[in-house]
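Since this is a predicted model, take the numbers as computed values, not measurements.
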Amino acid sequence: MRNVSKGFVLSLAFLLLFGCISNEKIIYLQNQEGNTPIEDGDLITYEIPEYKLQYNDIIDVNIQTIEDMMQFGFNNKAAGGSSQMGSVASQSGGDIYYMTGYTVDQNGNIRLPIVGDVKVKDKTLEEARLDIELKLRDYVKSELYVKVKLGGIRYAALGEFRRPGKFVVLQDRMTIFEAIANAGDLTPVAKRDQILLIRQYPEGTKLHRIDLLDRQVVESPFYFIQPNDQLYAEPMKVREIGAGENAAQSIALVISAITAMALILNLIK
């Protein structure tokens, strides 16, 4: 019995030392040693690069003539339907523009009614709008209003998220913390200082490592999520030893293990 008690103490000490996660590993936006501190209330400026359309992007193109505006006003005549689709999409996790929007094909084109193919790949939304309006001028001579928007921000969250998956957020801009919150936040065993961001560029794909514990991330070019980004959170080593997410869970695991061991020893005797 003395050996069992000794084993209990050693196991408990081991899990308390290696199975618990310190606050320093899970608190976001800390002023790390060696970096210029960013104090609360400091103004942080940044430039958001204009997103350039890529293959498989979906854009919403809204075209109105002066006749449409006189009949329906400045609002889109399909606004009611779009609202209903948005409600369904938010509940099902779908994409409201998948059926109604225009997808950029492998050649970098979208295909519009009557107008035909319009090259939009590697162009900003404003550049795409101007090109679409120019093509429409061959068919429409009256006043014309063209609006081009991305069909939301699509991104994926993989690994140690509480709610991993693929998401579509109907916003023009979203921070990495908003993206993480949308996925239910990270689990306590996620490596917050080594988040892997997989980002698509016109010339290919790049992998970036992000430290969410460092307040300097707010000044980085990865603070804002871009369409088609993928976030991967790796687990800490504590996951390998099967310890709990906090001290109470770790102690409960030790007690369960020792109880099972004592029961087995009694049965053997």
- More than 12 foreign heavy atoms under 6.0 Å from CD of E50: is that the case here? no
- Query: Is there a donor-acceptor pair closer than 3.5 Å between any side-chain N or O of S220 and the backbone N or O of F222?
  - Reply: yes
- Message: Just so I know, are the side chains of P164 and L158 near enough to count as touching, which here means a heavy-atom distance under 4.5 Å?
- Response: no
- Search all heavy atoms of A179 against all heavy atoms of Y155 and return the closest pair with its distance. O-OH, 2.7 Å
- Message: Does any part of the side chain of L136, heavy atoms only, come nearer than 4.5 Å to the side chain of D138, both counted from C-beta?
- Response: no
Kindly list each side-chain donor-acceptor pair under 3.5 angstrom involving residues 167-174, sequence neighbours excluded, with atom names and distances?
{"unit_1": "Q171", "atom_1": "NE2", "unit_2": "R173", "atom_2": "O", "d": "2.8"}
{"unit_1": "D172", "atom_1": "OD1", "unit_2": "K149", "atom_2": "NZ", "d": "3.3"}
{"unit_1": "D172", "atom_1": "OD2", "unit_2": "K149", "atom_2": "NZ", "d": "3.1"}

- Task: Examine distances only and state if a side-chain atom of D214 and a backbone atom of Q216 form a donor-acceptor pair shorter than 3.5 Å.
- Result: yes
- Item | Y223 reachable from Y51 in the ILVMFWY side-chain graph, under 4.5 Å edges | no
- Interatomic spacing from NZ in K52 to OH in Y201 - rounded to 0.5 Å: 13.0 Å
- Query: For the hydrophobic clusters of this structure (ILVMFWY residues joined by side-chain heavy atoms under 4.5 Å, transitively), does one cluster hold both L196 and I210?
  - Reply: no
- Query: Is the closest side-chain donor-acceptor distance between D117 and N107 under 3.5 Å?
  - Reply: no
- Item | Atom of V120, atom of L53 and distance for their closest heavy-atom approach | O-CB, 3.6 Å
- Residues that D122 engages under salt bridge (charged side-chain N to carboxylate O under 4.0 Å, His left out), provided they are two or more places apart: none
- Roughly how far, to the nearest 0.5 Å, is the CG atom of L213 from the CG atom of N31? 12.0 Å
- Message: Under 4.0 Å between a side-chain nitrogen and a carboxylate oxygen: does that hold for D131 and K123?
- Response: yes
- Working to the nearest 0.5 Å, report the span between CG of D57 and CD1 of I110. 11.0 Å
- Query: Is it true that Y102 and V104 fall in one hydrophobic cluster, defined by side-chain heavy atoms closer than 4.5 Å?
  - Reply: yes
- Query: Does Y232 belong to the same Ile/Leu/Val/Met/Phe/Trp/Tyr cluster as L212, with side-chain heavy atoms less than 4.5 Å apart forming each link?
  - Reply: no
- Message: I'd like to know if E234 and R209 make a salt bridge, using a cut-off of under 4.0 Å between side-chain N and carboxylate O.
- Response: yes
- Name the one of D229, T205, N228 that satisfies side-chain hydrogen bond (donor to acceptor under 3.5 Å, both in side chains) with Q200? T205
- Query: If we ignore angles and hydrogens, is there a donor and acceptor under 3.5 Å between the side chains of Y145 and N62?
  - Reply: no
- Going only through I, L, V, M, F, W and Y residues with side-chain contacts under 4.5 Å, is there a path from I195 to Y28? yes
- Between CD1 of I225 and CG of L231, what distance do you get to the nearest 0.5 Å? 4.5 Å
- I198 side, atom CD1; H208 side, atom NE2 - distance, nearest 0.5 Å: 10.0 Å
- Item | Nearest-0.5 Å distance that lies between atom CD in Q32 and atom CG in D193 | 8.5 Å
